[in-house]
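Following: one structure in structure tokens, then a few remarks.
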Amino acid sequence: LWEVFAYQIINYSSQIIRFESKDSLSDERIVNKEEAETKFNRILICSIQLLTQIIVKRSGEFKDDSIELLSEILTDEKFQDLIITKEHQLKKNMFVLLKALISFTPDLMNSKIMKLTSKSIIKSIKPSKKSPNESLLFSTIIIPILDSITEFSKFYPKIWEAKKSKENLL
């Protein structure tokens with residue numbers, strides 16, 4: 001199934017990540033705002049896990065149309081925003097996906113994608129000054145994040161130069 005339906009699986013995930021929102025998946029007359037947000041996050045997590053699984057199971061071997069679609073997903077602003085999200089389970093799954101992308105599809109990770117992703121990673125790991133208790137929540141997902149950043153740093157050492165700032169990166 002992972003071979004026969006690879007493009008369809010990637011396309012499904014692409015549709016969810018790039019075009020859907022909590023408002024497009026739930027009717028606010030029936031579902032309250034928090035429940036709609038929870039449902040949308042669950043669908044996003046499943047889509048990201050599908051992408052991760054297909055990349056791992058196919059060992060990064062895809063036809064041109066699938067590679068083009070993956071590239072469109074990676075350069076999409078909504079995808080980059082998912083790396084920065086405050087939702088910890090979503091963030092964890094994004095970093096697992098990033099590690100899979102770097103490990104199994106390094107040819108796909110061109111300089112444009114690497115620069116965009118580097119900026120998002122740096123923004124994502126910088127703790128918020130507004131929420132000091134965030135570090136406790138962050139501790140539950142730190143291992144996948146560090147694992148992905150280590151893999152990313154091996155492949156793209158310029159990650160630490162991605163965001164120029166007067167402040168320290170961390």
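- A salt bridge does not link Asp65 with Lys63: none of the charged nitrogens is closer than 4.0 Å to a carboxylate oxygen.
- Atom CD in Gln8 sits 9.5 Å away from atom CD1 in Ile10 (nearest 0.5 Å).
- Within the 4.5 Å cutoff, no side-chain heavy atoms of Asn41 are placed close to those of Gln89.
- In the hydrophobic cluster analysis, where Ile, Leu, Val, Met, Phe, Trp and Tyr join through side-chain heavy atoms closer than 4.5 angstrom, Ile84 is grouped apart from Ile149.
- Minimum heavy-atom separation, Ala6 to Ser66: C-OG, 4.5 Å.
- Rounding to the nearest 0.5 Å gives a distance of 11.0 Å between CD of Glu77 and OG1 of Thr75.
- Shown are Val96, Ile141, Leu82; of these, the side-chain contact (heavy atoms from CB on, under 4.5 Å) with Lys91 is made only by Ile141.
- Residues Ile55 and Leu97 form a side-chain contact, since some pair of their non-hydrogen atoms from C-beta on lies under 4.5 Å apart.
- To the nearest 0.5 Å, atoms CZ (Phe19) and NZ (Lys78) are separated by 8.5 Å.
- Enclosure of atom CG in Asp64 is not indicated, since only 12 or fewer non-hydrogen atoms of other residues, nucleotides or ligands lie within 6.0 angstrom.
- In this structure the side chain of Phe40 never reaches within 4.5 angstrom of the side chain of Ser26, judged on heavy atoms.
- Of the N and O atoms on the side chains of Gln49 and Asn93, at least one donor lies less than 3.5 Å from an acceptor on the other residue.
- Counting side-chain heavy-atom gaps under 4.5 Å among Ile, Leu, Val, Met, Phe, Trp and Tyr, the cluster of Ile30 also holds Val31.
- If you take CD1 on Ile122 and OG1 on Thr117, they are separated by 11.5 Å, rounding to the nearest 0.5 Å.
- Smallest separation of non-hydrogen atoms from Arg58 and Trp2: CD-O, 3.5 Å.
- With sequence neighbours excluded, the residues that form a side-chain contact (heavy atoms from CB on, under 4.5 Å) with Ser14 are Arg18, Leu69, Ile73.
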**OP:** Decide side-chain contact (heavy atoms from CB on, under 4.5 Å) for Leu108 and Phe62; before the verdict, give the C-alpha distance in whole Å, the side-chain angles of both, and the deciding distance to 0.1 Å.
**Re:** CA-CA 10 Å; Leu108 179 66; Phe62 297 103; over 6 Å; no
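- Atom CD1 of residue Ile48 and atom CD1 of residue Ile16 lie 10.5 Å apart, to the nearest 0.5 angstrom.
- Crowding of Glu68 atom CD: a count of heavy atoms from other residues, nucleotides or ligands under 6.0 Å not exceeding 12.
- Here the shortest heavy-atom pairing between Gln80 and Leu74 reads NE2-O, 2.7 Å.
- The shortest side-chain heavy-atom distance between Ile121 and Phe95 falls under the 4.5 Å cut-off.
- For Glu61, the CD atom counts as loosely surrounded, since its 6.0 Å shell holds 12 or fewer non-hydrogen atoms of other residues, nucleotides or ligands.
- Two residues are said to be in side-chain contact when any heavy atoms from C-beta on lie closer than 4.5 Å; Leu51 and Ile17 meet this criterion.
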Original post:
Given the rule in the side-chain contact (heavy atoms from CB on, under 4.5 Å) test, do Met114 and Phe155 qualify, once you have shown the distances and angles that lead to the verdict?
Top reply: CA-CA 10 Å; Met114 295 304 277; Phe155 186 75; 3.2 Å; yes
**OP:** List the steps, then state whether side-chain contact (heavy atoms from CB on, under 4.5 Å) holds for Leu116 with Phe79.
**Re:** CA-CA 10 Å; Leu116 283 171; Phe79 178 83; over 6 Å; no
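- Of the inter-residue distances, the one linking Leu98 atom CG with Ile83 atom CD1 reads 4.5 Å to the nearest 0.5 angstrom.
- Here the closest heavy-atom approach between residue Ala36 and residue Lys22 is recorded as O-CB, 3.9 Å.
- Looking only at distances, no side-chain donor or acceptor of Ser71 sits under 3.5 Å from a matching main-chain atom of Ile67.
- Crowding of Lys92 atom NZ: a count of heavy atoms from other residues, nucleotides or ligands under 6.0 Å not exceeding 12.
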**OP:** Decide side-chain contact (heavy atoms from CB on, under 4.5 Å) for Lys154 and Thr150; before the verdict, give the C-alpha distance in whole Å, the side-chain angles of both, and the deciding distance to 0.1 Å.
**Re:** CA-CA 6 Å; Lys154 287 179 197 173; Thr150 302; 4.1 Å; yes
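- Salt bridge absent: Lys33 and Glu37 never bring a charged side-chain N and a carboxylate O closer than 4.0 Å.
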